[in-house]
Amino acid sequence: TARSPGGGGAPLVYIPGLDGSGEGVRLQVPALIAAGYDVRCLKVPVGNREGWPGLTRAAAVLLRADLPSVAAAGGATVVAESFFAPLALMLAAEAPELA
C-alpha cells in the first residue's frame with residue numbers, strides 16, 4: 001500500500017479501479033488528509049490476474065500487517081472504485097476487523 005504523507009488520522013483505504021494505479025484518488029488526497037484521514041492506496045500490479053478470492057486474501061494480509069491499530073481506531077473506511085468494488089465487499093467479509 002502507499003500511504004499519505006503526514007498520516008496518522010482515521011485510516012482510509014482506497015482500492016483503485018480496473019487499471020490498478022490509484023491515480024483516481026490523487027487529487028482528493030489533500031482534502032481527505034485535511035478531513036482527518038490517513039489515506040492508504042492499495043496498488044494492484046497491472047499483470048496480476050489473481051481471482052477475487054486470492055486478491056481478497058492478499059489484501060487482507062497486507063492491510064492487517066500495515067494497519068495494526070485499525071481495531072483501536074474503530075476500523076478503516078474502505079473506498080473502492082469501479083470494477084474493484086467487489087474486492088471492498090469481499091474484504092469486509094474476509095476481515096471485518098478492518099472495515
Side-chain angles (χ1 to χ4, degrees):
T1 60
R3 70 185 300 180
S4 58
L12 183 143
V13 178
Y14 172 76
I15 302 175
L18 192 57
D19 73 351
S21 71
E23 291 296 315
V25 75
R26 177 176 251 173
L27 296 176
Q28 299 166 3
V29 169
L32 290 167
I33 293 171
Y37 288 103
D38 179 4
V39 180
R40 311 293 178 94
C41 181
L42 185 69
K43 183 168 176 31
V44 179
V46 176
N48 187 324
R49 298 295 180 238
E50 186 73 52
W52 290 121
L55 282 173
T56 302
R57 282 189 301 277
V61 166
L62 181 63
L63 293 175
R64 282 183 180 120
D66 196 35
L67 301 172
S69 62
V70 168
T77 299
V78 179
V79 178
E81 179 183 356
S82 185
F83 286 101
F84 273 86
L87 180 57
L89 295 172
M90 289 181 230
L91 182 59
E94 172 86 14
E97 76 279 8
L98 297 175

Exercise. Taking atom CG of Leu55 and atom CG of Leu62, what is their separation to the nearest 0.5 Å?
Worked result: 11.5 Å

For this session: To the nearest 0.5 Å, tell me how far Thr77 OG1 sits from Asp38 CG.
Result: 11.0 Å

Problem set entry | Any side-chain heavy-atom pair of Pro11 and Tyr37 under 4.5 Å | no

Seminar exercise, completed: Between the CZ atom in Phe84 and the CG atom in Leu89, the distance rounded to the nearest 0.5 Å is 13.5 Å

Exercise. Is any side-chain heavy atom of Thr56 closer than 4.5 Å to a side-chain heavy atom of Leu87?
Worked result: yes

Problem set entry | Minimum heavy-atom distance Ala95-Ala60, with the two atoms named | CB-CB, 4.2 Å

For this session: Measure the spacing between CG of Leu32 and CG of Leu27 and express it to the nearest 0.5 Å.
Result: 11.0 Å

Exercise. At their closest point, which heavy atom of Ala76 faces which heavy atom of Val13, and how far apart are they?
Worked result: CB-CG2, 4.3 Å

For this session: Check Arg57 against Glu94 and note the closest heavy-atom contact, atom names and distance.
Result: CG-OE2, 3.9 Å

Exercise. Can you tell if the side chain of Val78 reaches within under 4.5 Å of the side chain of Ile15, non-hydrogen atoms only?
Worked result: yes

